[in-house]
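Hydrogens, waters and symmetry mates play no part in the numbers below; they use all other heavy atoms, side chains included. In the text below, chain A, chain B and the rest are named by the order of the sequence lines, each starting its count at 1.
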Amino acid sequence: MHFTHQDTQRLAASMLEWYDRHHRTLPWRSEPGDTPDPYHVWLSEIMLQQTTVQTVGPYFAAFLKRWPTVTDLANAELDDVLHAWQGLGYYARARNLHKCAKVVASEYDGVFPDTEEGLLKLPGIGPYTACAVAAIAFNRHASPVDGNIERVISRLFALETPLPDVKPEIKEKSAALTPSDRPGDYAQALMDLGATVCTPRNPACGICPWQADCEGRKSGIAPDLPKKRKKDPKPTRVGYAFWIRREDDGRILVRRRPEKGLLGGLYEVPGSDWRAIEAPDDVMLSEAPVSANWSELDGTVGHTFTHFHLNVSVLATTLPADHADKLEGSWTTIDGLSDFALPTIMKKIVRHALKYGPA
DNA sequence: AAGACGTGGGG
DNA sequence: TCCCCAAGTCT
């Protein structure tokens, strides 16, 4: 399948026309004709990595309100950024977001670089985001390829090679279709189309501006594209959470996780390691922050991460203050828990402890 | 280069 | 219930 130069111009034009009529108004999108704020574009693109528009909305608004400029964000404390990010997931994004803001503020005088290669050097900005920001914020002739565009292009050309092998071919085909005029709108058009028309399941080919040219639709395989390699089943891990209450004031112990790795920099109810195979109770118990008289609460807390399922049992105890004060971490009231950046698994553990724990 | 890295919604 | 999916990056 090959398009002539004339074909590509026609396809780009019909896509932009579709965008002008059907594009969504999103908080980070400038009005047509207005120059977008690179800070807004960058912030939204980082938040939107592997995350839905609906989920991002409130976070984007809250960040912009609290940190109106990239310099404001650079001057923030990391813990405050992680706190504002809690629940959004992939927390390395928040750490890199903060790092990136600091670099832009200190080394670029608060002004984002306006080229793909300049952007690519910044923390948390990879090939997709560099391309997207260059196109959307700076109107550069760049062709970002995200999951939506992979789907649209693989269908348009009926590419049956599975991802990720087919990625270079998609990149090449997509670049060849990208117009010099309005490359940013064109990129957003493809993403909108992928999100609302050329959807993973039940694509609405009947209303697609490219239906007449789509090889995938014509051969009836569009809904099955792009092909992907099968994923390995997720293993299940188990562990304990230690709900430790200080006797005199009823405060609870929380602690900050190491900055690298899973849930890095967020706070946790102290816990054992999460193991693939259930270890004997005494091994898990030896990982408690303190030796104590534990009572196991009813039920378990289940949570699924990207690459494993987790089942946590909660052990509760109450410690005399002189004993409690030797432990590492922060003692907080229940209400005060909202001041800490807690990932969803920890919120579940807190909820479970409050529901089943000793009164 | 393949695996680590979150979460919530939809079918 | 369970699997797939969402504007990927880092190591």
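- Within the 4.0 angstrom heavy-atom criterion, no nucleotide atom of any strand lies near A:Val56.
- Taking only side-chain atoms of A:Pro343, from C-beta outward, the nucleotide of B:dG6, B:dT7, C:dC5 with the closest atom is B:dT7.
- For the pair A:Lys230 NZ and C:dC5 P, the interatomic distance rounds to 12 Å; values are reported in whole Å.
- Look at A:Thr52 and you won't find any side-chain N or O under 4.0 angstrom from OP1 or OP2 of B:dG8.
- Atom CG of A:Asn293 has 12 or fewer heavy atoms from other residues, nucleotides or ligands within 6.0 Å.
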What's touching nucleotides 9-11 of chain C from the protein side, N or O pairs under 3.5 Å?
from: C:dT9; atom 1: OP1; to: A:Gly126; atom 2: N; distance (Å): 2.8
from: C:dT9; atom 1: OP1; to: A:Gly126; atom 2: O; distance (Å): 3.2
from: C:dT9; atom 1: OP1; to: A:Thr129; atom 2: N; distance (Å): 3.0
from: C:dT9; atom 1: OP1; to: A:Thr129; atom 2: OG1; distance (Å): 2.8
from: C:dT9; atom 1: OP2; to: A:Pro127; atom 2: N; distance (Å): 3.4
from: C:dT9; atom 1: OP2; to: A:Tyr128; atom 2: N; distance (Å): 3.2
from: C:dC10; atom 1: OP1; to: A:Gly124; atom 2: N; distance (Å): 2.6

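- A donor-acceptor contact shorter than 3.5 Å is absent between the side chain of A:Arg155 and the backbone of A:Cys214.
- Counting non-hydrogen atoms of neighbouring residues, nucleotides and ligands closer than 6.0 angstrom, the NZ atom of A:Lys218 exceeds 12 such neighbours.
- A distance-only check finds no donor-acceptor pair linking the side chain of A:His323 to the backbone of A:Arg246 [under 3.5 Å].
- Across all strands, A:Arg95 comes closer than 4.0 Å to no nucleic acid atom at all (heavy-atom distances).
- Counting non-hydrogen atoms under 4.0 angstrom, A:Arg257 reaches nothing in the nucleic acid.
- Regarding contacts with the backbone of C:dC5, a side-chain N or O of A:Lys231 is found under 4.0 angstrom from either OP1 or OP2.
- Judged by distance alone, the side chain of A:Thr199 and the main-chain N or O of A:Thr196 form no donor-acceptor pair under 3.5 Å.
- A straight line from CZ of A:Arg151 to P of C:dC4 spans 15 Å, rounded to a whole angstrom.
- Here the separation of B:dG8 from C:dT9, taken at their P atoms, is 23 Å to the nearest Å.
- Ranked by how close their nearest DNA chain C nucleotide is to the 5' end, A:His309 and A:Gly147 are led by A:His309.
- Put simply, A:Thr55 has no side-chain N or O that comes within less than 4.0 Å of OP1 or OP2 on B:dG8.
- Side-chain contact annotation: A:Tyr186 with A:Asp181, donor-acceptor N/O pair under 3.5 Å absent.
- Judged by distance alone, with hydrogens and angles left aside, the side-chain atoms of A:Arg151 form a donor-acceptor pair with the main-chain N or O of A:Cys198 at under 3.5 Å.
- Taking 3.5 Å as the limit, the base of B:dG6 and the side chain of A:Thr304 contain no donor-acceptor pair of atoms between them.
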Protein-nucleotides 3-5 of chain B N/O pairs closer than 3.5 Å?
from: B:dC5; atom 1: OP1; to: A:Leu262; atom 2: N; distance (Å): 3.4
from: B:dC5; atom 1: OP2; to: A:His307; atom 2: NE2; distance (Å): 2.7

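- In this structure, A:Phe305 has its ring center under 6.0 Å from that of A:Phe308.
- Residue contacts for A:Leu26: at a heavy-atom cut-off of 4.0 Å it reaches a base atom on one of the strands shown.
- If you measure from atom CG of A:Leu82 to atom P of B:dG6, you get 11 Å, rounded to the nearest angstrom.
- Backbone-only contact: A:Gly87 has heavy atoms under 4.0 Å from sugar-phosphate atoms and none from a base.
- When distances run from any side-chain atom of A:His303 to the nucleotides B:dT7, C:dG8, C:dC5, the shortest one goes to B:dT7.
- Rounded to whole Å, atom C1' of B:dG8 lies 16 Å from atom CD of A:Gln86.
- A distance of about 16 Å separates the P atoms of C:dC4 and B:dG3, rounded to the whole Å.
- Nucleic acid contact for A:Trp28: base, since at least one base atom lies under 4.0 Å from a heavy atom of the residue.
- Regarding A:Lys167, its NZ atom lies at a distance of 14 Å from the P atom of B:dA2, rounded to whole Å.
- Residues A:Pro144 and A:Cys131 come closest through the heavy atom pair N-SG, 3.5 Å.
- Mapping A:Leu88 and A:Gln54 onto DNA chain B via the closest heavy atom, the residue that lands nearer the 5' end is A:Leu88.
- The aromatic rings of A:Phe242 and A:Trp294 sit tilted, their planes meeting at an angle between 30° and 60°.
- Ring geometry, A:Phe112 versus A:Trp42: the interplanar angle falls from 30° to 60°, so the pair is classed tilted.
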